[in-house]
Protein chains: 2
Amino acid sequence: MSTASARTLDHPERTEIRLEAVLHALSDPMRLQVVRFLAELGEGEGAACSAIELAVSKSTTTHHFRVLREAGVISQVYRGTAKMNALRRSDLDALFPGLLDSVLDADTAQRRRTG
Amino acid sequence: MSTASARTLDHPERTEIRLEAVLHALSDPMRLQVVRFLAELGEGEGAACSAIELAVSKSTTTHHFRVLREAGVISQVYRGTAKMNALRRSDLDALFPGLLDSVLDADTAQRRRTG
DNA sequence: CCAATTGTACGATGACCTTCGTAGTTTGAC
DNA sequence: GTCAAACTACGAAGGTCATCGTACAATTGG
């Protein structure tokens with residue numbers, strides 16, 4: 001069996017991803033932190049929610065991951081008790097070439113400037 | 001006289017512009033429409049608020065222009081009874097190279113796709 | 001001065017957003 | 001089966017947001 005777990009999550013199709021939703025998802029510092037973390041991980045299956053230390057409660061963490069997933073910025077799959085998160089880089093790059101990279105670069109630049 | 005009108009508006013300095021605020025400002029369809037309009041105008045003093053037909057009331061229009069100005073995306077100056085709006089392209093490009101262009105390109109791509 | 005044009009200020013409203021705590025579910029390990 | 005780990009669901013509180021209408025202010029043109 002290919003272990004088709006019953007627990008699956010709704011993701012927008014590539015063509016359903018909306019620019020406004022992506023920008024909104026990225027406009028929160030906490031979510032931008034998550035995206036930065038996942039971007040540094042590079043290609044792969046991603047990281048568990050708990051791998052990213054956010055300064056908020058678990059339920060708030062869940063909320064932010066959900067916003068990112070529903071906007072199409074990340075994908076989430078269950079893996080045992082954990083939930084693995086990965087950037088949907090190829091979808092984003094195909095839809096909006098250069099957008100994710102310039103946001104990440106902008107974030108890096110701002111961090112370097114602001115300290 | 002260089003007609004230094006008493007009416008001036010607060011703009012964030014270049015170094016005060018925050019990425020999160022810019023992304024949030026751009027995540028609204030109406031404001032994105034304004035930015036697209038101003039970008040097509042190219043360099044110059046910009047356009048009056050009334051030059052951009054938005055499908056909302058005047059007070060809502062004022063609100064959106066204010067959000068864009070306070071985020072540092074546009075500059076506004078009074079010119080007679082009108083208020084001229086211009087993209088702060090050089091500031092944005094200096095702070096976040098490529099960001100504005102990739103957002104505008106993404107918007108164009110989405111419009112072409114969605115129709 | 002008078003009127004028209006252009007945009008502002010204010011208050012209100014309903015929607016959405018971030019955050020939390022608590023209680024529950026699913027899975028893996030023993 | 002039992003227990004811990006990881007995450008979710010739900011409901012609530014407090015804040016912000018987009019929108020409007022109405023009343024007001026500043027400038028230009030007659």
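Letters A, B, ... mirror the listed sequences (proteins, then strands); counts begin at 1. Both backbone and side-chain heavy atoms feed into the values below; hydrogens, waters and symmetry mates do not.
- Phosphate contact (OP1/OP2 of D:dA9, side-chain N/O of A:Arg66, threshold under 4.0 Å): present.
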Hey, can you pull the donor-acceptor pairs under 3.5 Å for the side chains in residues 23-30 of chain A, sequence neighbours left out?
from: A:Ser27; atom 1: OG; to: A:His24; atom 2: O; distance (Å): 2.8
from: A:Asp28; atom 1: OD1; to: A:Met30; atom 2: N; distance (Å): 2.8
from: A:Asp28; atom 1: OD1; to: A:Arg31; atom 2: N; distance (Å): 3.2

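- Taking each heavy atom of A:Arg14 and A:Asp91 in turn, the nearest pair found is NE-OD1, 2.6 Å.
- Using a 4.0 Å heavy-atom cutoff across all strands shown, B:Arg31 reaches sugar-phosphate atoms only and no base atom.
- For the pair A:Leu19 and B:Leu32, the minimum side-chain heavy-atom distance is below 4.5 Å.
- Across the protein-nucleic acid pair, A:Asp10 atom CG and D:dA9 atom C1' stand 16 Å apart, rounded to whole Å.
- Note on B:Ser59: every side-chain N or O is 4.0 Å or more away from OP1 and OP2 of D:dG21.
- For the pair B:Arg69 CZ and C:dG7 C1', the interatomic distance rounds to 12 Å; values are reported in whole Å.
- A 4.5 Å side-chain heavy-atom check between B:Arg18 and A:Thr114 finds at least one atom pair inside the cut-off.
- Checking D:dT19, D:dC20, C:dC20 against every side-chain atom of B:His63, the shortest atom distance belongs to D:dT19.
- In this structure, A:Asp28 atom CG and C:dC17 atom C1' are separated by 9 Å, rounded to whole Å.
- Across the protein-nucleic acid pair, B:Arg7 atom CZ and D:dT28 atom C1' stand 11 Å apart, rounded to whole Å.
- The separation between B:Gln76 atom CD and C:dG7 atom P is 10 Å, rounded to whole Å.
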Nucleotide by nucleotide, nucleotides 1-7 of chain D touches protein heavy atoms under 4.0 Å in the pattern (B base, S sugar-phosphate only, - none) ----BSB
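- Here D:dC17 presents its C1' atom at 16 Å from CG of B:Leu26, a figure rounded to the nearest Å.
- Rounded to whole angstrom, the span from the CE atom of B:Met30 across to the P atom of D:dA18 amounts to 11 Å.
- Taking 4.5 Å as the limit, some side-chain heavy atom of B:Gln76 sits within range of a side-chain heavy atom of B:His11.
- Atoms CZ (B:Arg79) and C1' (D:dA26) sit 16 Å apart, rounded to a whole Å.
- Taking the side chain to side chain contact (heavy atoms under 4.5 Å, CB included) definition, one finds that A:Arg112 meets it with A:Thr108, sequence neighbours left out.
- Nearest heavy-atom pair across B:Leu95 and A:Ala109 is O-CB, 4.0 Å.
- The residue B:His64 sits close only to the backbone: its heavy atoms come under 4.0 Å of sugar-phosphate atoms, none of a base.
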